[in-house]
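Here is how names work: the chains are called A, B, and so on, in the same order as the sequence lines, proteins then strands, and each is numbered from 1.
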Amino acid sequence: MRFRPAQEGWLPLAAGLTVFILLLLVPLVVTDVFWLGLGITVLMWAALATAWNISGGLAGGLSLGHAAFFGIGAYTSTLLYLRLDISPWIGLFAGGAIAGLAGAVLGAITLRLRGPFFVLATLAFGIVIHIIAVNWRDLTRGSAGLVLPFGGGPANMLFAGLEPYWYIGLGLLALTIAVTLAIQRSRLGYYLIALREDEDAARCLGVRVVQCKVLASAISAMLTAFAGTFYAAYIQYIDPASTTQFEISVQIALVAIVGGVGTTLGPAVGALIVIPIGEISRAWLGGGPALMVYGVLLIVIVLAAPRGVIGALEWLAGRLPRRQKASRHA
Amino acid sequence: MQLTLQIIANGLLLGGLYALLAIGLTLIFGVLRVVNFAHAEFMMLGMFGVYWIWRLTGIDPYLATIIIIPLLFAFGLLCDRLIIQRTIGAPEVTVVFATLGLSILLQNAALTAWTADIRSVTTHYTGMVLTPGGLRISVPMLISFAVAMLAALGLWLFLSRTFYGKAIQAVAQNREAAVLMGINVRRVYMWTFTVAVTAAGVMGGLIAPLYSIYPRIGMSFIVTVFVIVVLGGLGSVSGAVLAALLIGLVEASAGYLIGTAWAELSYFLIFLAVLIVRPQGFFGRRGAEVFGGR
């Protein structure tokens with residue numbers, strides 16, 4: 001992967017703000033429940049993949065255990081609300097804190113692991129959390145799941161219409177992208193790039209490997225948990241199969257990979273591609289064929305464009321002038 | 001006493017089944033440096049292959065297992081050519097996620113073609129048991145165990161005694177040096193992957209009379225097999241066999257003593273602990289984990 005400093009200047013900022021304002025207007029135009037619901041799902045997965053990308057792309061540790069943090073976020077806010085009547089708006093931060101702590105611990109203990117060993121360790125961590133969610137029935141009600149009672153009201157992040165969820169989802173995505181940008185422009189971001197490219201060399205140059213990895217893992221986990229709380233409030237029902245299961249971890253990574261691992265906007269673009277394809281093929285063809293599409297998409301992307309759609313576009317853009325020069329010679 | 005012996009027998013038989021899967025997975029890792037997430041999907045395909053041959057023609061499952069070997073081999077070659085060969089030297093994200101994509105594809109292709117129905121192969125010997133000294137030992141389980149152990153022995157002899165096996169070992173130890181010695185690394189990769197996934201398919205055929213057959217069955221095996229190959233040291237054949245027998249014993253006894261859910265939880269925690277404290281496993285070469293992603 002090439003090293004690219006973050007782009008500076010007013011143009012990207014203006015473009016970003018324009019897109020953000022246009023997205024704010026979407027619920028005024030799109031009123032159909034199916035399409036707005038699909039849009040909210042896309043926003044949530046975009047936020048999840050962007051959060052994954054902070055540890056998976058920027059820090060270079062491909063995680064297959066992020067469903068654990070998603071589940072921690074969903075279960076913490078929901079249980080606090082059901083048991084102690086604490087609003088999910090507060091539960092959001094409680095879940096984020098617990099997941100952040102778990103992320104820091106996972107980051108610390110997987111520090112030395114590279115390549116497939118890191119992947120397997122995160123996978124095992126995810127499975128441990130899943131087994132707990134399924135079997136600690138006194139707390140989680142196991143596979144029966146938890147229902148958020150209707151009529152909690154806006155003070156409890158429970159709304160009658162879809163529009164508020166669109167705005168919360170958009171805010172969540174904006175937050176994760178802003179955090180990504182902030183990290184990329186900070187010392188941490190440059191350290192992470194150095195670590196990803198050559199850990200031994202970075203260590204020799206005085207990069208604090210432990211601090212960087214632990215911090216990236218904790219931030220990524222916290223943002224993933226935020227999305228978990230959002231999911232619980234939006235769907236108003238959670239169970240282990242829809243939150244902590246291995247397939248959720250795979251899908252988070254899949255979305256980020258299709259868009260472009262390590263790029264700022266890649267994961268969001270990935271969600272825009274993967275989620276509609278998945279949802280629409282599920283509606284037309286059924287669950288099995290929809291997941292087949294995911295499998296094919298994953299294989300084709302990692303073989304043909306390992307840096308994802310954004311990476312492929314950058315590569316094309318880089319080639320264009322050269323191709324014109326070549327045709328002039330011919 | 002009787003109970004202890006029974007648990008040990010059950011555990012060893014179960015471990016023997018895991019061993020055949022684990023050897024293939026650990027070889028693919030040791031030689032190709034690829035974690036094959038799709039490994040148990042080949043087992044699932046073997047199970048379905050045997051099921052359909054038995055169901056449509058009435059051919060005995062063990063005979064059907066022999067019939068599907070060429071099919072599995074051809075399919076393995078195809079996957080190698082289309083996917084695995086292309087991951088060599090590719091970025092880490094490709095190495096990890098290409099086989100995960102293959103796993104998702106195969107699982108859901110099976111789901112689409114054959115639905116999520118749970119099927120089973122029943123023969124006149126399905127429920128047959130031997131009772132040596134009061135123990136109850138399932139005959140099909142014993143047959144599968146024996147074949148798995150023979151296959152493991154054959155593979156070990158092949159790797160340690162034949163010229164070709166030594167070439168495979170040489171590639172596992174040092175890819176660059178093997179190339180310099182005139183070994184065709186690409187061909188070694190192809191043979192290793194194809195033989196390993198064929199063995200997984202054969203294992204599927206062997207257990208078809210024992211287990212329920214459904215598209216997602218691979219999921220419940222692959223994670224256990226990961227635990228085994230990491231314990232045994234990724235890349236170590238003898239480590240894989242020993243770890244498989246050990247995990248079989250743990251599963252059989254813990255399932256009885258503390259219940260399956262908590263047994264599962266405890267062995268994942270052990271898995272995590274081993275990964276963290278001793279990533280090269282108990283029998284693997286020190287430093288193997290460092291080459292991991294490259």
Side-chain angles (χ1 to χ4, degrees), chain A residues 1 56-57 60-62 64 106 108-128 130-132 134-136 142 246-247 250-251 253-254 256-257 261-262 285-308, chain B residues 29 33-35 37-38 82-83 86-87 90-113 115-116 215 219 223 226-227 229-230 234 259-262 264-265 267-277 279-280 288-294:
Chain A
M1 281 178 218
L62 302 169
L64 277 179
L106 184 68
I109 61 180
T110 56
L111 210 57
R112 290 194 306 135
L113 302 179
R114 297 184 186 184
F117 291 87
F118 180 86
V119 177
L120 290 177
T122 55
L123 185 153
F125 171 73
I127 290 177
V128 166
H130 181 63
I131 294 173
I132 293 174
V134 172
N135 291 295
W136 193 353
F246 177 60
E247 278 80 355
V250 174
Q251 191 166 334
L254 167 84
I257 288 166
V261 176
L285 306 167
L291 286 166
M292 267 171 81
V293 172
Y294 278 176
V296 172
L297 194 64
L298 187 55
I299 296 171
V300 169
I301 285 284
V302 295
L303 290 182
R307 295 193 61 236
Chain B
F29 180 82
R33 301 263 169 238
V34 167
V35 174
F37 280 97
L82 290 179
I83 297 171
R86 289 167 206 257
T87 64
E92 190 183 323
V93 61
T94 310
V95 177
V96 172
F97 286 91
T99 60
L100 191 58
L102 180 62
S103 160
I104 298 172
L105 173 62
L106 292 178
Q107 233 178 65
N108 292 288
L111 189 68
T112 307
T115 73
M219 282 295 289
V223 183
F226 276 140
V227 175
V229 294
V230 168
L234 274 165
T260 31
W262 302 116
E264 216 186 348
L265 184 68
Y267 80 52
F268 277 108
L269 290 173
I270 295 170
F271 176 55
L272 259 178
V274 170
L275 266 175
I276 290 150
V277 178
Q280 71 273 31
E289 75 282 6
V290 178
F291 301 109
R294 307 281 153 162

Enumerate, atom names and distances included, each donor-acceptor pair closer than 3.5 Å involving a side-chain atom of residues 285-302 of chain A, sequence neighbours excluded.
none

Sequence neighbours excluded and cut-off under 3.5 Å, please list the side-chain donor-acceptor pairs for residues 104-111 of chain B, or say none.
| unit_1 | atom_1 | unit_2 | atom_2 | d |
| --- | --- | --- | --- | --- |
| B:Q107 | OE1 | B:R216 | NH1 | 2.9 |
| B:Q107 | NE2 | B:E41 | OE2 | 3.3 |
| B:N108 | ND2 | B:I104 | O | 2.7 |

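Residue contact with chain A, scored on non-hydrogen atoms closer than 4.5 Å, involves the backbone and the side chain of B:F97 alike. Looking at A:F118, neither its backbone nor its side chain comes within 4.5 Å of chain B, counting heavy atoms on both sides. If you measure heavy-atom distances from A:L303 to chain B, the contacts under 4.5 Å come from both the backbone and the side chain. Both the backbone and the side chain of A:V128 come within contact range of chain B, judged by heavy atoms closer than 4.5 Å. Contacts between A:L254 and chain B at a heavy-atom distance below 4.5 Å are absent for every atom of the residue. With a 4.5 Å cut-off on non-hydrogen atoms, B:V227 does not touch chain A at all. Both the backbone and the side chain of A:I109 come within less than 4.5 Å of a heavy atom in chain B.
Taking the six-membered ring for Trp and the full ring otherwise, the centers of B:F271 and B:F226 sit at least 6.0 Å from each other.
Using a 30° and 60° split on the angle between ring planes, A:F246 and B:F37 fall in the parallel class, below 30°.
In terms of heavy-atom proximity, A:G56 sits nearest to A:L62 at O-CD2, 3.9 Å.
The residue among B:V35, B:T115, B:L100 with the most heavy atom pairs within less than 4.5 Å of chain A is B:L100.
Contact of the B:I83 side chain with the B:T99 side chain is not registered, since no non-hydrogen atoms from C-beta on lie closer than 4.5 Å.
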